Amino acid sequence: MAPRPEDLPRWRAAGKISAAARDLGVRACVPGALRREVAETIEAFIRSRGAEPAFPSNLSRNSEAAHYTPSADDGETFREGDLVKVDVGAHLDGAIADTAITTEVGGGRRHDHLRAAAHDAVEAGIGAVRAGVHVDDLSRAIEAAIHRRGLKPISNLTGHTIERYLLHAGKSIPNASGMSDERLEEGEVVAIEPFATNGAGSIRNGPFGNILRFRERPGPGDAAASRWFERFRTLPFTARWIEAGEREGLKRLRRQLQSYPVFVEAGSGLVAQEEHTVLVTATGAEVLTRT
Ligand code: MN
Ligand code: MN
C-alpha cells in the first residue's frame with residue numbers, strides 16, 4: 001500500500017535524513033578510512049536524528065555493485081581510486097527512504113565517466129515519472145542515458161516501490177527496456193536506482209555480504225529472535241548491530257533468515273550507481289532524497 005497522505009511528512013523527513021547520511025558517508029570515504037567505521041558513522045548519524053537505519057549501510061566497491069556491508073571485525077580500509085557506492089537509508093516508524101551515490105576515494109577523476117552515466121540515468125528516470133506512466137518509459141530513459149555514455153546498464157538490478165517496513169515492495173523498475181508491463185500510480189513511493197558499467201551489463205552472486213533479513217516473524221520460545229524481530233521486523237539488518245556475545249545465536253535461525261550475497265559485475269566491470277527515492281505525483285515526481 002502506498003503511504004497515507006497524513007503520513008507523508010514522516011516519509012519526507014526520512015528522505016532528508018537519508019540524504020544527509022549519504023552525503024556524510026561520501027565525505028567519510030577517504031584513503032585509509034576503515035570501511036567498518038564509515039558504515040558506523042553513517043548509521044550513528046541516522047540514529048542521532050531520531051531515525052533507524054532501514055538497512056545496513058552498503059559500501060560496495062569497484063566491481064561489487066551492491067549488498068556489501070562491513071562485518072563487525074572488518075579491518076579493510078578504502079584506497080585511493082576505489083569506486084564506492086554509498087547506498088544508505090533511514091526509516092521513521094517504517095517510512096523508508098533509500099538513496100545512493102558513487103564516489104571515487106581520494107577525489108580523483110578517473111571514474112567520472114561512469115559516475116556521470118549513473119547520474120544522467122537517475123535524472124532521466126526521475127524526469128519520466130508521473131502518475132500513470134508506464135514503468136517501461138522510465139526504463140527506456142535510464143537505458144538511453146547510459147548508452148549515450150557508451151556504457152551498459154546492469155539489466156538484472158532494478159529500482160523498486162517502497163511500502164511501510166517493506167524496502168522492496170510490489171513493483172520493480174528495470175534499468176533496461178522491455179521488461180515491465182506495469183504503470184506507476186499517484187502516491188506511490190519509488191526508488192529509482194540505475195547502475196552503469198563498463199563490464200558485461202549484469203551481475204552474478206558473489207560471497208555473503210553480511211546482510212540478513214527475517215523471512216517472517218519467528219515463533220515464540222526464542223527470546224533473542226523475538227527481540228531482534230521487534231527491532232528489525234522484515235527490514236535488512238546485519239550481525240554488526242547485535243551485541244558481540246549474542247551474534248552466535250543468529251546461526252540457530254538460519255532457516256528463518258534470508259541472507260544476501262554481494263552482487264558482483266559478471267564481466268568484472270566497474271560499477272557506478274545513483275539512487276533517489278521519489279513520490280509519484282499527478283504531474284511528476286517529488287524527490288524525497290535531495291539535499
Ligand atoms: Mn539503495
Ligand atoms: Mn534501492
Side-chain angles (χ1 to χ4, degrees), residues 3 11 14-26 29 38-39 42-43 45-46 51-61 64-70 83-91 94-103 115 118-119 121-123 125-126 129 135 138-139 142 153-176 180 184 188-197 203 209-213 234-238 258 260-263 271-280 285 287-291:
W11 290 78
K16 288 289 179 203
I17 295 167
S18 302
R22 174 199 63 212
D23 295 349
L24 176 70
V26 166
C29 287
V38 173
I42 292 165
E43 292 156 10
F45 171 82
I46 289 170
E52 285 292 323
F55 51 89
S57 306
N58 283 219
L59 296 169
S60 309
R61 286 200 294 187
E64 295 168 349
H67 291 177
Y68 180 82
T69 199
L83 189 62
V84 182
K85 276 69 68 182
V86 177
D87 188 344
V88 308
H91 80 88
I96 299 167
D98 181 4
T99 183
I101 198 159
T102 301
T103 184
R115 295 171 59 224
H119 179 74
V122 78
E123 294 299 337
I126 291 167
V129 172
V135 168
L138 276 65
S139 301
I142 287 167
I154 292 192
S155 58
N156 54 350
L157 289 179
T158 69
H160 47 95
T161 50
I162 301 176
E163 295 175 9
R164 190 163 174 245
Y165 282 111
L166 204 54
L167 180 57
H168 287 234
K171 293 178 192 170
S172 295
I173 316 297
N175 293 317
S180 174
L184 296 182
E188 284 183 315
V189 173
V190 184
I192 299 175
E193 53 176 316
F195 293 78
T197 183
I203 51 97
N210 305 310
I211 300 173
L212 299 164
R213 192 179 76 90
T234 51
L235 291 173
F237 68 98
T238 183
Q258 180 179 358
Y260 294 84
V262 181
F263 291 150
V271 181
Q273 171 208 20
E274 201 156 315
E275 178 174 22
H276 279 296
T277 297
V278 309
L279 175 69
V280 180
V287 182
L288 304 179
T289 48
R290 291 237 199 259
T291 29

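This chain uses plain numbering: 1 for the first residue, then up along the sequence. As the structure lists them, so they are numbered: ligands from 1, and atoms in each ligand from 1. Note that the structure is predicted; figures quoted are calculated from it, not measured.
- In this structure, a donor-acceptor pair under 3.5 Å is present between the side chains of Y260 and R213.
- Residue D98 approaches the Mn ion (ligand 2) most closely through its N/O/S atom OD2.
- Between the Mn ion (ligand 2) and the N, O or S atoms of E275, the shortest distance is to OE2.
- In terms of distance to the Mn ion (ligand 2), the nearest N, O or S atom of H160 is named NE2.
- Counting backbone and side-chain atoms alike, H168 contributes no N/O/S atom closer than 2.8 Å to the Mn ion (ligand 2).
- Comment: E188 engages K171 in a salt bridge, judged by a side-chain N to carboxylate O separation of less than 4.0 angstrom.
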For this session: Could you walk me through whether F55 and H91 pass ring-ring contact (aromatic ring centres under 6.0 Å, His included), step by step?
Result: CA-CA 9 Å; F55 51 89; H91 80 88; over 10 Å; no

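- D87 lies apart from the Mn ion (ligand 2) in this respect, since none of its N, O or S atoms is found at a distance under 2.8 Å.
- Under the 4.0 Å criterion applied to side-chain N and carboxylate O atoms, E123 and R290 are assigned as salt-bridge partners.
- For E193, the N, O or S atom closest to the Mn ion (ligand 2) goes by the atom name OE2.
- Taking the six-membered ring where tryptophan is involved, the planes of H67 and F263 are tilted, since the angle between them lies from 30° to 60°.
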